[in-house]
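I have placed the structure first, in the form of structure tokens, so that the comments after it can refer back to it.
All values reported here derive from a predicted model rather than from experimental measurement. Chain A is the first sequence line, chain B the second, and so forth, proteins listed ahead of strands; every chain is numbered from 1.
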Amino acid sequence: MSLIQEIKVNAAKVLNEIYQIEFPIESVQVNDTKPEFEGDYTIVTFPFTKQTKQKPEEVAEKLGTALVALNTIFTSYNVIKGFLNLEISNAYFNDFLVANYTNTTFGQSASNGQKVMIEYSSPNTNKPIHFGHLRNIFLGYSLANILKETGHEVIKANLINDRGIHICKSMVAWIREGNGATPTSTGIKGDHLVGDYYVLYNDLFKKEVGVLVEQGLEKEVAEKQAPILIEAQELLRKWEANDEDTIQLWKTMNGWVYEGFDVTFKKLGVDFDKFYYESNTYLSGKEVALKGLKNNVLYQKEDHSVWIDLEADGLDQKLLLRGDGTSVYMTQDIGTAILKYNDYQMDKSVYVIGDEQNYHMQVLKLILQKLQEPCADGIYHLSYGMVELPNGKMKSREGNVVDADDMVAEMTSIAQKNTEELGKVEGFTNEELLNLYNTLGLGALKFYLLRVDPKKKMIFNPEESIDFHGFTGPFIQYTHARISSILRKANDIELKSVAIEMTAQEKGLLKQIEQFPTLLLQAAAEYNPSLVCIYIFNLAKEYNSFLANHSILKADTNEQMIFRLQISTLVKNVLAKGLNLIGINAPERM
RNA sequence: GGCUUCGUAGCUCAGCUGAAUAGAGCGUCUCACUACGGAUGAGAAGGUCUUAGGUUUGAAUCCUAACGAGGUCACCA
């Protein structure tokens, strides 16, 4: 049981004994005591005044006296207004330290039998991965780690959107202007090559529209009649008709993209357990729609199109099958959701998707519920805000995006520059250095994207993102490397149990570390990796401050040194674990 | 316009299941190496928590409205 939980349980018990009133355990508010007051944890007693009909100070006094008498973990208390400040015994933290400094699984929860699928990344195959996708990818990967750590069985899924008009646009541009170019012939990474033709398509499209407008057509009409668009639509028709040449080209170009994605995913250090392809699933929602029609959950209009009426739920009418019987985006997603469930029977299905699809996801879940599909209730949309540049949104159509590969390369080279300027390259082989730059560059990038609450939109400030000071990944990596260095020097010192008086800062560190498992559970429950970022940053900061005030290897006594080495070991383990959970490596040296 | 998310220091963000003087980082200005890693630490300045009402012993936090910003309301995906 966590310390805070233990305080709550004890307080509720004692309140019951004093007042003969049942206070639920969760009604006890326990906060960290503010630094300007004496004590470790504070119970707020205002909430108990109504039922006890006593002043908050009185309740606090009685509660404090009883707690100190009840349990040896409480050594003393003081009351200020309605706040009961409790001091926790050093022995409690000493026991905690002894029990955990060699425990490499500290923070991990036992299996809870829950199975969760996390769908993330889910790229289109007509363009490379850009900065906005990185937020998605890091979120999904990190969340998977956090859920695993807290006892869930996790399936990482990637739904590749490999069909549709967008890829046909790249194909048309390639047919027209490509002259048989391939990644090998051009030396361009496959996803970038295909992306270039997507941008080219849009250039050509604009030109053709311009010509038509000059010929006197309305802009709106011209945008529908541009020959290149007609060609792309024709290509999509051929694809759906299984035209051999079209399928062949489609396979080839998608293949280039997958090779490119593969390189990027590896570079980013993320992976997947299961890939779904929309070309395989896009027809799959149809039978469900037809079944829904039989059950009168859906209805049919005169043109044979199939709809669901969600107006009673405050939403709109939604089309599920076109008049010609073909499916739309929503139908596909229904089919895919059911397919996934049939594959894994998971308890929860998390979709990491941008907040522009909030409405879509709400409707998807509701429709599945109305269809009484077993997968419906487990659906959770982890909605995240867009990443914006200081001067506005990125649009891949216009090519003004921050490309993910470029970004990683940029961050890696900044890591190199910083390391060289600080003269910290000695003792590394070339290969180790390259590895290190990658670790630091990615550490900075991932932390920058994960430190903000997912649901909020965030601004990507290029200057700030390359900073390696303060609330950043490298700051924490640095702290980890620093501890590692100290521990290396103390390698031959035997760590045995010691009992000493601890300083306020030592106690503070232990108190913070004790909260780590609880924090992970919270991050998992809220699907929020940023909590981990904030936590390990605060821990690293506290440790650095501790280090400035305490000598370890030159401590006054041998016991003190051993005690501080044990604390350092534990801090190091927690920092490394925290970093790993958000997908960041913790270097031994840097 | 309907629905929805959001508005906290010059900037980027915590705090939002109500509770003590609203916290970090960056930036600005001081200070600290006879030290285990200065990619550090200590300190200062900087806030009518968008505004106006309401609920409450108590509101940045809950409710209502206004103002401002984003998203969405396709037989696109």
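Here A:Leu315 lies out of heavy-atom contact (under 4.0 Å) with every strand. Nucleic acid contact class of A:Ile459 (heavy atoms, under 4.0 Å, all strands): sugar-phosphate only. Residue A:Arg589 is classed as a base contact, given a heavy-atom separation below 4.0 Å to a base. Here A:Thr42 lies in heavy-atom contact (under 4.0 Å) with a base. Nucleic acid contact for A:Pro56: none, since no nucleic acid atom lies under 4.0 Å from a heavy atom of the residue. A:Asp303 comes within contact range of at least one nucleobase, with a heavy-atom separation under 4.0 Å. A:Ala490 comes within 4.0 angstrom of no nucleic acid atom, judged by non-hydrogen atoms across all strands.
Here the side chain of A:Ala548 is nearest to one of B:rG41, B:rU21, B:rA39, namely B:rG41. The side chain of A:Leu440 lies closest to B:rA39, out of B:rC36, B:rA39, B:rC75. Out of B:rG41, B:rC75, B:rA20, the shortest distance to the side chain of A:Trp307 is found at B:rC75. Ranking B:rG41, B:rU12, B:rG38 by closeness to the A:Arg482 side chain, first place goes to B:rG38. Here B:rA77 is the nucleotide among B:rC75, B:rA77, B:rA35 with the atom lying nearest to any side-chain atom of A:Arg163. Nearest to the side-chain atoms of A:Lys456 among the listed nucleotides B:rA14, B:rA77, B:rA42 stands B:rA14. Comparing B:rA20, B:rA77, B:rA14 by their nearest atom to the side chain of A:Ile534 picks out B:rA14. Closest to the A:Phe37 side chain, of the nucleotides B:rG41, B:rU12, B:rA20, is B:rA20. Of all nucleotides listed (B:rA20, B:rC36, B:rG41), B:rG41 comes nearest to the side chain of A:Ser545. Counting only heavy atoms from C-beta on, A:Lys489 has its side chain closest to B:rC36 among B:rA14, B:rA39, B:rC36.
A stacking contact between A:Phe537 and B:rA24 is absent: the pair does not combine a ring-centre distance of less than 5.5 Å to the base's six-membered ring with planes differing by less than 30°. Put simply, A:Phe475 does not rest on the base of B:rA39: the two rings are not both less than 5.5 Å apart at their centres and under 30° in tilt. Ring-base stacking between A:Phe83 and B:rA20 is satisfied, the centre separation being under 5.5 Å and the plane angle under 30°.
Put simply, A:His360 has no side-chain N or O that comes within less than 4.0 Å of OP1 or OP2 on B:rU72.
Contact check on A:Glu240 versus A:Arg237 returns no salt bridge, with no Lys/Arg side-chain nitrogen under 4.0 Å from an Asp/Glu carboxylate oxygen. With respect to A:Asp32 and A:Lys511, a salt bridge is recorded, a charged nitrogen being found less than 4.0 Å from a carboxylate O. With respect to the salt-bridge test (charged N to carboxylate O, under 4.0 angstrom), the residues A:Lys572 and A:Glu588 qualify.
With ring centers used as reference points, A:Tyr282 lies under 6.0 Å from A:Trp239.
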Exercise for the section: Kindly determine whether A:Tyr543 and A:Phe546 satisfy ring pair (Phe, Tyr, Trp, His ring centres under 6.0 Å), including the steps that lead there. Expected result: CA-CA 5 Å; A:Tyr543 184 84; A:Phe546 156 80; 5.4 Å; yes

